[in-house]
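Chain A is the first sequence line, chain B the second, and so forth, proteins listed ahead of strands; every chain is numbered from 1. All values below come from the heavy atoms of this structure, side chains included, with hydrogens, waters and symmetry mates left out.
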Number of protein chains: 2
Amino acid sequence: MSTHVEDYIKNIYKLQGEREKVTTSSIADALSVSAASVTDMIKKLSDRSLIKYMPYQGVELTHSGRRMALQTLRRHRLWEMFLVEFLNYTWDEVHDEAEKLEHIMSTDLEERIDKALGYPKHDPHGHPIPTRNGEIIEDDHPSLADLGINDSGVVVRVNDISQSLLQHMASIGIHMQSQIKVLDVVQFDGSMRVLIDDNNVFVSRQVARNIFVDIGGKK
Amino acid sequence: MSTHVEDYIKNIYKLQGEREKVTTSSIADALSVSAASVTDMIKKLSDRSLIKYMPYQGVELTHSGRRMALQTLRRHRLWEMFLVEFLNYTWDEVHDEAEKLEHIMSTDLEERIDKALGYPKHDPHGHPIPTRNGEIIEDDHPSLADLGINDSGVVVRVNDISQSLLQHMASIGIHMQSQIKVLDVVQFDGSMRVLIDDNNVFVSRQVARNIFVDIGGKK
DNA sequence: AATAAGGTTTAGGTATACCTAAATATTATT
DNA sequence: AATAATATTTAGGTATACCTAAACCTTATT
């Protein structure tokens, strides 16, 4: 299937979060297209001043590229929220649908959905929804893997890297605002026993790294 | 902007309602593309067995073409209904948005929206929504222009041929299920004075032809 | 510093959905 | 029945977003 300009920009934005310069091959991986296709597209994006590009040196979003990325992210997250709130989707079902819908959203529709949802600040996974003006507040919470025995907090965000991870987290009772407390940590592999609301469950380190908790001020 | 296969099929379906064979130029007009582009596309649709095509003889939907048309129509009308019911769109605002959204709708989303709306039988303009299996019940009601003095009925459908027509109809108080009664018909131009719910309004013949009423059994 | 390995770009090609201009077919008029 | 008018198709060309294979840079290793 054919990828949108918006998908390139959105993915460059995401990759940029991790490193400064974004490489051709990392974009190719993210979008599952060939490196040659990325080079092609990169030139067009550069012509449209959405990115800064020096051959062989990688790529960086310009101001207007960043704006497009945040608008697309906003639309994606509003659609996700909408699917959950109005159509009873679960958090593991929304991504693919929102991925298509985000490109089909007039400013008018965007505002109506925002209003119907009561101007939400976060999507169903706890990710911040950028404002209409392209502002985003990235909140910085520790992951469950960072906590020690007897530490506790409230689940405020999960990574939506895969559907099966999200399904797993739901199956052990993890939701937004779940109370969570670490009971025990296995030294060997970092896995842990935790109390989620009132259930005693076991969580691998891999899973724990994708759950973020508000521990109220300290740490 | 680039037109979808689905748009061609949907428009051929609509044109076919009026005549048997659909001409190249009528499709070109409906989609605002050149006749040459239509000929191009027609060959592709024929290769995919969506239409029957004999050069210079026009075009006809096959069974699977008709199925695609009705599915697209169903999705369009479900989105229209959804925009009205959940996001407070008015009937003159929904068409363009639904035109884009109809192409972005998985079977799952289609069913969830259908359910959330309570399995509606008609869209906001009173057009029948085809079933999941591609059945459609075209109800055959007289237009307001067909009525004479003292005839009365209930508005059950309006043509959504233009936004300004829909806006005009709304402005004189016409809605689905409005009570309507003909008070007077001008011989010269067929325009009429009618009672809509309890308002006395004047309607040109051009407008009257686009309003359809249920007159309860008798013709 | 030379070479080997890996990443990136260029060259040339595909498919889709458009276009204009020219050629051809059909239909309507005399 | 010939011609004129109109509709349709063909030919050749554009832009977008992909691809593979080959050429070319950069970086890492020895």
Side-chain angles (χ1 to χ4, degrees), chain A residues 1-16 18-61 64-65 68-69 72 99-100 102-104, chain B residues 1-13 15-16 18-61 64-65 68-69 72 96 99-100 102-104:
Chain A
M1 226 247 256
S2 194
T3 311
H4 280 258
V5 164
E6 285 168 0
D7 291 321
Y8 275 88
I9 294 298
K10 196 179 63 174
N11 276 283
I12 292 167
Y13 175 82
K14 286 185 183 170
L15 293 164
Q16 203 165 252
E18 294 150 29
R19 299 155 174 277
E20 295 185 9
K21 286 286 172 64
V22 177
T23 63
T24 301
S25 51
S26 65
I27 300 169
D29 280 3
L31 293 168
S32 305
V33 298
S34 71
S37 300
V38 173
T39 303
D40 265 17
M41 181 58 98
I42 266 174
K43 287 189 219 147
K44 291 170 199 163
L45 299 179
S46 180
D47 291 347
R48 290 172 56 177
S49 302
L50 293 166
I51 58 175
K52 219 175 75 189
Y53 168 52
M54 298 286 284
Y56 296 98
Q57 300 310 129
V59 130
E60 227 176 292
L61 288 182
S64 70
M68 180 185 281
T72 306
E99 200 70 10
K100 293 176 285 170
E102 67 189 16
H103 306 298
I104 309 291
Chain B
M1 225 244 257
S2 193
T3 310
H4 280 258
V5 165
E6 285 169 359
D7 290 321
Y8 276 88
I9 294 297
K10 195 178 65 174
N11 277 282
I12 292 167
Y13 174 82
L15 292 165
Q16 203 166 251
E18 294 150 28
R19 299 153 176 279
E20 296 184 9
K21 287 287 171 61
V22 176
T23 62
T24 301
S25 50
S26 65
I27 300 169
D29 281 3
L31 293 168
S32 304
V33 297
S34 73
S37 300
V38 173
T39 302
D40 265 16
M41 180 58 98
I42 266 174
K43 286 189 220 147
K44 290 170 201 162
L45 299 179
S46 180
D47 291 346
R48 290 172 56 176
S49 302
L50 293 166
I51 59 175
K52 220 175 74 191
Y53 168 53
M54 298 284 285
Y56 295 99
Q57 300 311 128
V59 130
E60 227 175 293
L61 288 182
S64 69
M68 179 184 280
T72 306
D96 292 356
E99 200 71 11
K100 294 175 283 171
E102 67 189 15
H103 306 299
I104 311 291

With sequence neighbours excluded, tell me which residues meet side-chain contact (heavy atoms from CB on, under 4.5 Å) with B:T72.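 Per chain and number, B:T72 pairs via side-chain contact (heavy atoms from CB on, under 4.5 Å) with B:E6, B:K10, B:M68, B:E102.
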
Residue list, side-chain contact (heavy atoms from CB on, under 4.5 Å) with B:K52, at least two apart or on another chain: B:E60

Touch check for B:T24, heavy atoms < 4.0 angstrom, all strands: base, sugar-phosphate only, or nothing? sugar-phosphate

Which nucleotide sits closest to the side chain of A:K43: C:dT10, C:dC18, C:dG7?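 The closest nucleotide is C:dT10.
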
Looking only at D:dT16, D:dC18, C:dT16, the nucleotide nearest the B:K44 side chain is C:dT16

Rounded off to whole Å, could you give me the [atom1]-to-[atom2] distance for the [X] and [N] pair?
{"X": "A:Y53", "N": "C:dT9", "atom1": "OH", "atom2": "C1'", "answer": "7 Å"}
{"X": "A:D40", "N": "C:dT10", "atom1": "CG", "atom2": "P", "answer": "9 Å"}
{"X": "A:I27", "N": "C:dG7", "atom1": "CD1", "atom2": "P", "answer": "14 Å"}
{"X": "A:M54", "N": "C:dG7", "atom1": "CE", "atom2": "C1'", "answer": "17 Å"}
{"X": "B:H4", "N": "C:dA15", "atom1": "NE2", "atom2": "C1'", "answer": "16 Å"}
{"X": "B:L45", "N": "D:dT9", "atom1": "CG", "atom2": "P", "answer": "13 Å"}
{"X": "A:Y8", "N": "D:dA17", "atom1": "OH", "atom2": "P", "answer": "8 Å"}
{"X": "A:D7", "N": "D:dA17", "atom1": "CG", "atom2": "P", "answer": "11 Å"}

Find the distance between [atom1] ([X]) and [atom2] ([Y]) and round it off to the nearest 0.5 Å.
{"X": "A:I9", "Y": "A:L45", "atom1": "CD1", "atom2": "CG", "answer": "4.5 Å"}
{"X": "B:L50", "Y": "B:I12", "atom1": "CG", "atom2": "CD1", "answer": "9.0 Å"}
{"X": "A:T39", "Y": "A:K44", "atom1": "OG1", "atom2": "NZ", "answer": "11.5 Å"}

Sub-3.5 Å donor-acceptor pair from the side chain of B:S64 to the main-chain atoms of B:S49, do we have one? yes

Any side-chain N or O of B:T3 under 4.0 Å from OP1/OP2 of C:dC18? yes

Can you check each nucleotide of nucleotides 20-29 of chain D against protein heavy atoms at under 4.0 Å and return B for base, S for sugar-phosphate only, - for none, in 5' to 3' order? BB--BSS---

Considering all heavy atoms of both residues, which atom of B:A30 and which atom of B:N11 are nearest to each other, and what is their separation? CB-OD1, 3.8 Å

